[in-house]
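Single-structure report; data block below.
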Protein chains: 2
Amino acid sequence: MITLKQLRYLAALARHGHFGRAAESCAITQPALSMQIRDLEQFLGVTLVERRPGEVMLTEIGREIARRGEDVLAASRDLVDFAQHRAQPLTGRLTLGIIPSLAPYLLPKILPALQSQFPELRLELRETQTRPLIDEIKSGALDAAMLALPLGEADIDTMDLFDDLFLLAVPADDPRPRDKRVAADDIDQSRLILLEDGHCLRDQALAFCATIPRGPAPGTTGMTFGASSLTTVMQMVAGGFGVTLIPQIAADVEARDSRVKFLRLEEPQPGRSIGLAFRRTSPRKADFAALGEVVKGSVGAG
Amino acid sequence: MITLKQLRYLAALARHGHFGRAAESCAITQPALSMQIRDLEQFLGVTLVERRPGEVMLTEIGREIARRGEDVLAASRDLVDFAQHRAQPLTGRLTLGIIPSLAPYLLPKILPALQSQFPELRLELRETQTRPLIDEIKSGALDAAMLALPLGEADIDTMDLFDDLFLLAVPADDPRPRDKRVAADDIDQSRLILLEDGHCLRDQALAFCATIPRGPAPGTTGMTFGASSLTTVMQMVAGGFGVTLIPQIAADVEARDSRVKFLRLEEPQPGRSIGLAFRRTSPRKADFAALGEVVKGSVGAG
DNA sequence: ATTATTGATCAGATAAACTTATCGCATGCC
DNA sequence: GGCATGCGATAAGTTTATCTGATCAATAAT
């Protein structure tokens with residue numbers, strides 16, 4: 001079987017027309033090059049070089065083989081270049097999942113930075129709830145996902161990105177002053193509006209308001225309605241239908257609506273920890289580290 | 001530096017998705033394949049394969065590298081195929097010289113056979129006198145030449161093709177009968193018409209008629225005219241301006257002219273030995289042998 | 001003739017690649 | 001839980017390639 005080394009030596013020989021100088025240009029000795037050329041000729045069953053005293057001359061077929069050899073070498077060089085350029089983080093395709101309570105607020109912050117810092121990154125996004133994200137990470141459909149930690153999945157490694165405090169969103173006409181620290185007990189459980197089932201944010205809010213009785217309270221819609229987006233929830237709060245726990249990152253955006261105001265919660269303030277999840281065996285950890293830096297920078301600044 | 005072997009192993013791994021089976025398909029053991037893959041990854045500085053329990057999975061870049069690897073392998077396979085197909089004789093370009101006193105008579109006999117037996121042969125012909133043919137063989141401009149032997153050139157090997165007797169061409173009204181064997185002395189030296197200087201045939205004819213005085217004989221044109229082609233010489237013979245020594249192979253063709261008749265010469269009949277000349281170091285001797293067979297077959301039959 | 005150049009050849013050293021055996025880890029099955 | 005199974009990584013030892021350095025043969029130039 002032929003080797004790239006033989007083709008490299010042949011190329012050098014074609015260029016120099018001289019075994020000794022060709023060998024020198026390959027940083028080997030002349031017998032080594034002679035042997036490789038001989039092996040190549042023997043394998044191909046063709047004489048590539050006409051050894052003439054004082055001058056070596058590629059045969060007709062030798063020239064053609066050398067030309068084709070250059071093609072092979074060029075393709076292999078491309079391959080190496082490709083790999084080594086791609087070795088720099090965040091280039092090429094990366095499939096990223098993100099939970100719905102995060103996507104519309106975080107993505108606008110990070111996508112511009114990602115695009116400017118890593119123009120060769122082709123990000124493919126998928127927005128869905130935590131459970132399917134985890135499954136898709138495990139199956140390889142996703143490279144990673146941004147979601148709330150902890151997960152408690154054995155095969156999944158995670159990286160902390162930032163903490164996201166919860167605020168209590170109430171109608172603007174709520175009697176409590178803006179600087180009032182609300183306690184969990186102060187939340188009118190019967191008026192709590194939440195996302196539909198499956199959203200981690202719903203579970204986190206419920207965990208905080210642990211005293212809330214299971215099952216829908218009579219005469220309320222909050223528990224049973226199950227909004228599919230935080231924006232919907234906020235519209236309902238603005239409409240005076242109830243209150244909700246909303247992450248800081250979302251509040252920053254939704255605060256534009258003057259019919260709503262946000263109240264901080266008593267220490268220890270509840271919140272969620274946002275992180276990046278990926279297969280423990282993933283080879284793209286350098287990518288994830290770079291991505292994490294961008295997220296941290298964008299969230300801190302924005 | 002990467003090797004074709006590594007690319008072959010990677011291709012097998014990509015196909016089988018399993019180190020053990022990939023190794024088996026390469027007729028090596030699994031550790032050998034693992035090592036080559038690891039070396040490749042290390043050189044490229046990229047993780048190509050995500051080792052997951054129960055399943056190996058090429059990474060995004062691994063797939064791309066494998067794809068490019070296939071390109072490289074395909075190019076190298078083409079190279080080998082090319083060489084091995086071209087290993088059969090008389091394919092590709094072959095530059096062949098031929099002397100003018102042979103070309104118009106021999107080529108029509110051999111070219112059809114060459115083309116039908118070796119359709120992949122691309123013959124490049126050059127018709128000129130012996131001296132430039134030899135020089136061009138030495139310089140590599142020609143692969144070989146068909147001409148009259150012997151040559152007495154140290155760097156040139158030759159192969160006998162066929163012997164070509166000389167006949168005496170005389171006007172049809174020459175008093176000698178067709179079956180008369182002419183002796184060298186019977187040739188009217190003053191009426192001898194020859195090719196111009198530089199043609200080997202001229203020298204051979206002169207050597208045969210060794211008694212001919214040097215320098216043009218007064219009142220004759222034969223020696224000084226120096227025709228540039230045998231056809232011209234024959235036209236002059238037909239016109240009654242003189243006689244000439246003509247090779248059998250040419251006589252076969254020129255005999256169509258009824259104004260000329262050919263007389264055989266006394267034993268030992270003079271003639272020339274036609275052969276193929278080539279660089280002693282030429283790698284295409286198999287080609288020349290095949291060419292020689294064609295020539296011998298065509299001349300014998302035709 | 002003599003010397004210099006050039007590629008081939010040979011023996012020994014070195015490096016690469018392979019094989020066998022073993023390990024570690026994860027999974028699945030009583 | 002304990003144990004077998006499958007798979008890839010690792011280690012040790014051996015074979016195979018490959019290289020170097022010295023030398024040889026042929027040729028060309030002096």
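Numbered from 1 within each chain, the chains take letters A, B, ... in sequence-line order.
A cation-pi contact, defined as under 6.0 Å to the ring centre and within 45° of the axis, is absent between B:Arg284 and B:Phe278.
In this structure, CD1 of B:Ile37 is placed 18 Å from P of C:dA16, rounded to the nearest angstrom. Rounded to whole Å, the distance from CD on A:Gln6 to C1' on C:dA16 is 15 Å. As a whole-Å value, the separation of B:Arg52 CZ from C:dG24 P is 24 Å. Whole-Å rounding puts the B:Leu33 CG to D:dT10 P distance at 14 Å. Between the CZ atom of B:Phe43 and the C1' atom of C:dA16 there is a distance of 16 Å, given to the nearest Å. Across the protein-nucleic acid pair, A:Ile28 atom CD1 and D:dA17 atom C1' stand 13 Å apart, rounded to whole Å. C:dT20 atom C1' lies 17 Å from atom CD of B:Glu24, rounded to whole Å. Rounded to whole angstrom, the span from the CZ atom of B:Arg38 across to the C1' atom of C:dC18 amounts to 13 Å.
Within 4.0 Å (heavy atoms only), B:Thr29 reaches at least one base atom of the nucleic acid. Heavy atoms of B:Arg280 sit under 4.0 angstrom from primed sugar atoms or phosphate atoms, though from no base atom.
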Step-by-step salt bridge (charged side-chain N to carboxylate O under 4.0 Å, His left out) determination, B:Glu70 to B:Arg8: CA-CA 8 Å; B:Glu70 298 278 13; B:Arg8 278 190 278 268; over 6 Å; no
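Regarding contacts with the backbone of C:dA8, a side-chain N or O of A:Arg51 is found under 4.0 angstrom from either OP1 or OP2. Contact annotation: A:Gln36 reaches the phosphate of D:dC19 (side-chain N/O to OP1 or OP2, under 4.0 Å). At the phosphate of D:dA9, OP1 or OP2 sits under 4.0 Å from a side-chain N or O atom of B:Ser34. Proximity of B:Tyr9 to the phosphate of C:dC18: a side-chain N or O atom is located under 4.0 Å from OP1 or OP2. At D:dG8, one or more side-chain N or O atoms of B:His18 fall inside 4.0 Å of OP1 or OP2 (strictly under the cut-off). Between B:Lys5 and C:dC18, a side-chain N or O to OP1/OP2 separation shorter than 4.0 Å is present. OP1 or OP2 of C:dT19 has not a single side-chain nitrogen or oxygen of B:Gln30 nearer than 4.0 Å.
Positionally, the nearest nucleotide of DNA chain D for B:Gly17 lies more toward the 5' end than for the other of B:Gly17 and B:Asp155.
Comparing D:dT20, D:dC7, C:dC18 by their nearest atom to the side chain of A:Met35 picks out D:dT20. You'll find that the side chain of B:Pro31 is closest to D:dA11, out of D:dG8, C:dG7, D:dA11.
Checked against B:Leu201 for a side-chain contact (heavy atoms from CB on, under 4.5 Å), the options B:Leu195, B:Leu206, B:Thr130 give a single hit: B:Leu195. Partner of A:Ser101 under the side-chain hydrogen bond (donor to acceptor under 3.5 Å, both in side chains) criterion, chosen from A:Glu127, A:Arg202, A:Arg272, A:His199: A:Arg272.
A distance-only check finds no donor-acceptor pair linking the side chain of A:Thr158 to the backbone of A:Leu151 [under 3.5 Å].
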